[in-house]
Asks: 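Take a look at this one; I'll ask things after.
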Amino acid sequence: MSEIVVIRPESRAERKKLMEFPWEIYKNDPYWIPPLRSEQKGLLGYAKDPFYEENQVQTFLATRGGKTVGRIAAILNVGHLRRYNDGVGFFGFFECVDDQEVADALFEHAAAWLKEKGATTIRGPMNPSMNHTVGLLIEGFDSSPFFMMTYNPPYYQKLVENSGFVKSQDMFSFWGKIEMLPKIRERFLHTAEMIQERFNVVVRPLNKKRFTDDYEMFLDVYNRSLTNTWGFVPMSPNEIKKMAASLKMLMIPELALAAEIDGKPVGATFCLPDYNPRIKAIDGKLFPFGFIKLLRNREAAIKRIRVISTNVLPEYQMSGLGLVLLNALVPKAVACGVQEAEFSWVLESNQFSRGSLEKGGAICNKRFRVYDRPIE
């Protein structure tokens, strides 16, 4: 068998091969959703992206006999190191044929680059951070992912673990049909109303006349509320601006709610329609006309949502404001004609959120894993 060659893609042709490799891996997989090509280009470091104003990335492309057989990115998250001082570097965007030698070669090159940067542990997958797609799918291969969630072949778990990686943290997604939500809501309606009255909470939808200000407010709450979450690194101001611009285009305002006390935002919940079937139909190409197909008639036509985040500022996290937000969200989702919802992702260590969803009848439909390995 011919030798495995691993290169650092520099030319436009090499980078194109790396970006297009997933289409080869998943060509016969009915559940795979292609990435948005323009978005992935920036996240791989091949175009300007605010994540790399401070952080660094190096991609690697593996070939055998002239054929592309794998890819990976090594990511130095400066914000993570500054926050945790734990020597952790990251890998992401891992795609590979079912060949342990190829996987080992990719991980070794990524680890060696991170070692040069001073890292002592390699963790992943992060694509490229906790604020993007994260984790390796290890359970729940019988359906397509919801919008902005991970998907990969089942054999990736074997490739990663046989390369010496061990579990660092698991994450879950929970699924439910919309007709379940009113029944779930009944269980905590009285409690939610008591909490809302006690703290004089005002819940309001996103203000359509102040889109940009409100989106940035939502993300500010997100940043501040996850301070104690495992592995979380706050987004930079420019990352917030970029994310806000994307959400402005993608969100349905009625499904984004803020909780305020004395006029100040203390919590927020927001959902996104599941655009994945449309992304698959346009093959990840937003231009020249893909974005029109992506957004056209979405309120009426898209019946699945992903509940991305319900966040409450740390000083109010034990006050039950999450219930107040969910209590307000349910009738909005019903009114919008939503039929299915996924709550994702939820950390294994977040016993409160997991327990609440399980008690409410939501079904744990997928498990994702983040791995660590010492850098020798």
Asks: Is the closest side-chain heavy-atom distance between Gln58 and Glu116 below 4.5 Å?
Replies: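 Gln58 vs Glu116: side chains apart.
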Asks: Is the shortest heavy-atom distance from the side chain of Ser236 to the side chain of Glu54 under 4.5 Å?
Replies: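 A side-chain contact is absent here, since even the closest heavy-atom pair is not under 4.5 Å.
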Asks: Could you tell me the separation between the CG atom of Asn276 and the OG atom of Ser144, rounded to the nearest 0.5 Å?
Replies: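 Between Asn276 CG and Ser144 OG, I get 7.5 Å after rounding to 0.5 Å.
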Asks: Starting at NZ of Lys48, measure out to CG of Asn238 and round the result to the nearest 0.5 Å.
Replies: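 Separation between the atoms: 8.5 Å.
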Asks: I want to check something: taking the side chain as every heavy atom from C-beta on, are Pro265 and Phe218 in contact at a cut-off of under 4.5 Å?
Replies: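 Of all side-chain heavy-atom pairs linking Phe218 with Pro265, none is under 4.5 Å.
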Asks: Check whether more than 12 heavy atoms from other residues, nucleotides or ligands sit under 6.0 Å from atom CD of Glu315, and answer yes or no.
Replies: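 Atom CD in Glu315 is packed in, count exceeds 12.
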Asks: Verify side-chain contact (heavy atoms from CB on, under 4.5 Å) between Val69 and Asp99, making sure each step is shown before the conclusion.
Replies: CA-CA 9 Å; Val69 289; Asp99 187 318; over 6 Å; no
Asks: What closest approach, in Å, do Ile122 and Ala111 show between heavy atoms, and which atom pair accounts for it?
Replies: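 Closest approach of Ile122 to Ala111, heavy atoms only: CD1-N, 4.1 Å.
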Asks: Please step through side-chain contact (heavy atoms from CB on, under 4.5 Å) for the pair Met171 and Trp230, ending with a clear verdict.
Replies: CA-CA 11 Å; Met171 304 166 179; Trp230 177 88; 4.2 Å; yes
Asks: Tyr371 and side chain to side chain donor-acceptor pair (under 3.5 Å): which single residue from Glu161, Lys167, Gln169 fits?
Replies: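 It is Glu161; the other options fail the test.
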Asks: Answer yes or no: is there an ion pair linking Asp274 with Arg306, defined by an N-O contact shorter than 4.0 Å?
Replies: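 No, no charged N to carboxylate O under 4.0 Å.
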Asks: Enter the distance from Ile195:CD1 to Glu193:CD here, rounded to the nearest 0.5 Å.
Replies: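 The CD1 atom of Ile195 sits 10.5 Å away from the CD atom of Glu193.
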Asks: Are the side chains of Lys303 and Glu340 in touch, meaning some heavy atoms are under 4.5 Å apart?
Replies: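 In short, these two side chains do not touch, never coming nearer than 4.5 Å.
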Asks: Under a single-linkage definition using a 4.5 Å side-chain heavy-atom cutoff for Ile, Leu, Val, Met, Phe, Trp and Tyr, are Tyr222 and Trp345 assigned to the same hydrophobic cluster?
Replies: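 In one cluster: no.
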Asks: I need the minimum non-hydrogen distance between Phe93 and Leu44, along with the two atoms involved.
Replies: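 Taking Phe93 first and Leu44 second, the nearest heavy atoms are CG-CD2, 3.6 Å.
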Asks: Hey, are the side chains of Thr63 and Ile7 touching, using non-hydrogen atoms and a 4.5 Å cut-off?
Replies: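 No, side chains not in contact.
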Asks: Closest heavy-atom contact between Val346 and Phe343?
Replies: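 In terms of heavy atoms, the two residues are closest at CG2-O, 4.4 Å.
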Asks: Identify the heavy atoms of Phe232 and Leu226 that sit nearest to each other, and give their distance.
Replies: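 It is CD2-O, 3.2 Å.
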Asks: Please check if the number of heavy atoms outside Lys115 that lie under 6.0 Å from its NZ is greater than 12.
Replies: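 It does not: Lys115 NZ has 12 such atoms or fewer within range.
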Asks: According to a hydrophobic-cluster definition based on side-chain heavy atoms being under 4.5 Å apart (Ile, Leu, Val, Met, Phe, Trp, Tyr only), do Phe107 and Phe21 belong together?
Replies: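 Yes, one cluster joins them.
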Asks: Tell me if the NZ atom of Lys242 is crowded by more than 12 foreign heavy atoms within 6.0 Å.
Replies: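 Yes, NZ of Lys242 has more than 12 neighbouring heavy atoms, counting only those of other groups under 6.0 Å.
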Asks: What is the distance from atom CG of Leu114 to atom OG1 of Thr121, rounded to the nearest 0.5 Å?
Replies: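 It comes to 10.0 Å.
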Asks: Do you reckon Phe174 sits in the same ILVMFWY cluster as Leu323, going by side-chain contacts under 4.5 Å, direct or chained?
Replies: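 Phe174 clusters together with Leu323.
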Asks: Is there a side-chain contact (heavy atoms from CB on, under 4.5 Å) between Val312 and Ser225? Walk through the geometry before answering.
Replies: CA-CA 5 Å; Val312 177; Ser225 66; 5.6 Å; no
Asks: With a 6.0 Å cut-off on ring centres, are Phe91 and Phe165 close enough?
Replies: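 Yes: the rings meet the under 6.0 Å criterion.
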Asks: Whether the side chain of Arg373 engages the backbone of Ser163 through a donor-acceptor N/O pair (distance < 3.5 Å, no angle test) should be reported.
Replies: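 The answer is yes, because a donor-acceptor pair under 3.5 Å joins these two groups.
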Asks: Any idea which heavy atoms bring Leu159 and Gln100 closest together, and the distance?
Replies: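 Looking at all heavy atoms of both residues, the closest pair is O-NE2, 3.0 Å.
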Asks: Under 3.5 Å, is there a donor-acceptor pair between the side chain of Ser2 and the main chain of Gly65?
Replies: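 A pair under 3.5 Å: yes.
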Asks: Looking only at heavy atoms, which two atoms of Arg15 and Pro9 are closest? And how far apart?
Replies: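 It is NE-O, 3.5 Å.
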Asks: Are Tyr151 and Thr133 packed together at the side-chain level, in the sense that at least one heavy-atom pair is separated by less than 4.5 angstrom?
Replies: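 When only atoms from C-beta onward are counted, Thr133 and Tyr151 do not touch, as no gap falls below 4.5 Å.
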Asks: Verify side chain to side chain donor-acceptor pair (under 3.5 Å) between Lys366 and Ser143, making sure each step is shown before the conclusion.
Replies: CA-CA 9 Å; Lys366 294 182 187 291; Ser143 61; 3.0 Å; yes
Asks: Check Arg37 with Asp283, please: is the shortest side-chain N to carboxylate O separation under 4.0 Å?
Replies: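 Looking at Arg37 together with Asp283, the answer is yes, because their closest N to O distance falls below 4.0 Å.
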Asks: Under 3.5 Å, side chain of Asn152 to main-chain N/O of Leu137, donor-acceptor pair present?
Replies: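 Yes, the answer is positive, given that a donor and an acceptor are paired below the 3.5 Å cut-off.
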Asks: Considering residues, nucleotides and ligands other than Met249, do more than 12 of their heavy atoms fall under 6.0 Å from its CE?
Replies: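 Buried by this count: over 12 neighbours within 6.0 Å.
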Asks: Does the pair Val370 and Arg123 meet the rule for a side-chain contact (heavy atoms from CB on, under 4.5 Å), with working shown?
Replies: CA-CA 7 Å; Val370 176; Arg123 174 178 293 169; 3.5 Å; yes
Asks: Donor-acceptor check, side chain of Ser129 to backbone of Asn131, threshold 3.5 angstrom: yes or no?
Replies: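 It does hold such a pair.
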Asks: Is any side-chain heavy atom of Trp32 closer than 4.5 Å to one of Lys27?
Replies: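 Answer no - side chains too far apart.
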Asks: Is it the case that one hydrophobic cluster holds both Val201 and Met194, taking links as side-chain heavy atoms less than 4.5 Å apart, direct or via other members?
Replies: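 They do not share one cluster, since no chain of ILVMFWY contacts under 4.5 Å joins Val201 to Met194.
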Asks: Taking the side chain as everything from C-beta on, heavy atoms only, tell me whether Glu348 gets closer than 4.5 Å to Arg367.
Replies: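 A side-chain contact exists here, since the closest heavy-atom pair is under 4.5 Å.
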Asks: For the atom pair CZ (Arg71) and OG1 (Thr59), what is the distance rounded to the nearest 0.5 Å?
Replies: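 The distance works out to 9.0 Å.
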Asks: Both conditions, 6.0 Å and 45 degrees, for the charged tip of Arg304 above the ring of Phe146: are they met here?
Replies: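 Satisfied, under 6.0 Å and within 45°.
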Asks: With rounding to the nearest 0.5 Å, note down the distance linking CG in Leu294 to CD1 in Ile279.
Replies: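 It is 5.5 Å, given to the nearest 0.5 Å.
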Asks: For the residue pair Tyr46 and Gln40, confirm or rule out a side-chain donor-acceptor distance under 3.5 Å.
Replies: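 The answer is no; no qualifying pair exists.
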Asks: Quick check against the 3.5 Å criterion: does Asn365 have a side-chain atom that pairs as donor or acceptor with the backbone of Gly140?
Replies: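 No.
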Asks: Please tell me whether Ile25 and Ile4 are part of a single hydrophobic cluster in this structure, the criterion being side-chain heavy atoms less than 4.5 Å apart.
Replies: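 The answer is yes; both residues are in one hydrophobic cluster.
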